[in-house]
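Note that the structure is a prediction, hence the values are computed from the model and not measured.
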Amino acid sequence: QVQLVESGGDLVQAGGSLRLSCAASVSISSFNTMGWYRQAPGKQRELVATITSDGSTNYADSVKGRFALSRDNAKNAVYLQMNSLQPEDTAVYYCYAAKLFRRTPYWGQGTQVTVSS
């Protein structure tokens with residue numbers, strides 16, 4: 001019943017910016033945590049950034065100061081503003097949402113971000 005629809009992935013040059021969007025099919029107030037993970041070829045999926053229902057955020061050290069996670073409750077969406085992109089940011093980015101009392105989270109389909117040097 002829950003869908004997370006992602007958009008915004010693209011090919012950009014190093015130093016450029018992108019904004020990823022994740023629109024949920026239900027009220028995002030039903031999720032305790034939302035955010036983004038990413039997976040590069042040959043690597044494990046890793047946390048990029050999360051935000052909880054009370055507004056607390058958590059960022060991977062590698063993206064602090066460059067990425068910003070925001071939430072728009074009226075649009076049932078979360079956004080990831082990515083600035084100063086580096087080739088190391090190249091990955092498939094997945095939207096993530098979790099309910100407090102549901103052990104299995106929801107995932108988006110993934111959107112490709114490629115940063116050229």
Side-chain angles (χ1 to χ4, degrees):
Q1 292 182 345
V2 175
Q3 287 186 320
L4 303 175
V5 181
E6 299 157 306
S7 62
D10 206 350
L11 170 65
V12 298
Q13 294 181 345
S17 298
L18 285 173
R19 190 178 79 152
L20 305 183
S21 299
C22 175
S25 62
V26 298
S27 173
I28 63 172
S29 65
S30 65
F31 300 115
N32 175 252
T33 305
M34 296 191 72
W36 296 86
Y37 284 69
R38 68 186 181 186
Q39 187 168 23
K43 297 183 179 179
Q44 296 289 106
R45 187 174 298 186
E46 65 177 357
L47 181 146
V48 177
T50 59
I51 186 168
T52 59
S53 58
D54 67 356
S56 298
T57 55
N58 181 33
Y59 293 92
D61 288 341
S62 60
V63 307
K64 286 182 178 178
R66 300 188 298 117
F67 290 10
L69 179 62
S70 61
R71 178 180 61 201
D72 188 337
N73 291 339
K75 297 291 186 182
N76 291 328
V78 294
Y79 307 96
L80 185 67
Q81 179 66 47
M82 305 186 295
N83 299 322
S84 301
L85 283 163
Q86 304 169 13
E88 302 84 72
D89 297 316
T90 295
V92 177
Y93 284 69
Y94 296 92
C95 186
Y96 164 92
K99 295 183 178 181
L100 183 61
F101 301 111
R102 188 179 189 273
R103 294 184 179 182
T104 302
Y106 300 98
W107 295 95
Q109 78 283 358
T111 184
Q112 178 71 50
V113 172
T114 302
V115 184
S116 62
S117 59

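Under the 4.5 Å side-chain heavy-atom criterion for ILVMFWY residues, no single connected hydrophobic cluster contains both Trp107 and Ile51. Transitive grouping of hydrophobic side chains (ILVMFWY, heavy atoms separated by less than 4.5 Å) keeps Leu85 and Tyr79 in distinct clusters. Transitive grouping of hydrophobic side chains (ILVMFWY, heavy atoms separated by less than 4.5 Å) keeps Val78 and Leu47 in distinct clusters.
For the side chain to side chain contact (heavy atoms under 4.5 Å, CB included) with Val113, the lone residue among Asp10, Val92, Leu20 that qualifies is Leu20.
By the 4.5 Å heavy-atom criterion applied to side chains, Ser25 and Gln1 are not counted as neighbours.
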Start with the C-alpha distance between Ser62 and Glu88, add both sets of side-chain angles, then the distance that settles side chain to side chain contact (heavy atoms under 4.5 Å, CB included), and finish with yes or no. CA-CA 9 Å; Ser62 60; Glu88 302 84 72; over 6 Å; no

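Taking the six-membered ring for Trp and the full ring otherwise, the centers of Tyr37 and Tyr94 sit at least 6.0 Å from each other.
Here the CE atom belonging to Met82 is positioned 8.0 Å from the CH2 atom belonging to Trp36, to the nearest 0.5 angstrom.
Remark: side-chain polar atoms of Arg71 are paired, donor with acceptor, to backbone N or O of Thr52 under 3.5 angstrom. Checking side-chain atoms of Glu46 against main-chain N and O of Arg38 turns up no donor-acceptor pair under 3.5 Å. Checking side-chain atoms of Tyr96 against main-chain N and O of Thr33 turns up no donor-acceptor pair under 3.5 Å. Side chain of Glu6 to backbone of Gln109: a donor-acceptor contact under 3.5 angstrom is found. Of the possible donor and acceptor atoms, one in the side chain of Thr90 sits under 3.5 Å from a partner among the backbone N and O of Val115.
Aromatic ring pairs are classed by plane angle as parallel below 30°, tilted from 30° to 60° and perpendicular above 60°; the pair Phe67 and Tyr93 is tilted.
Under the 6.0 Å distance and 45° angle rule, Arg102 counts as a cation-pi partner of Tyr106.
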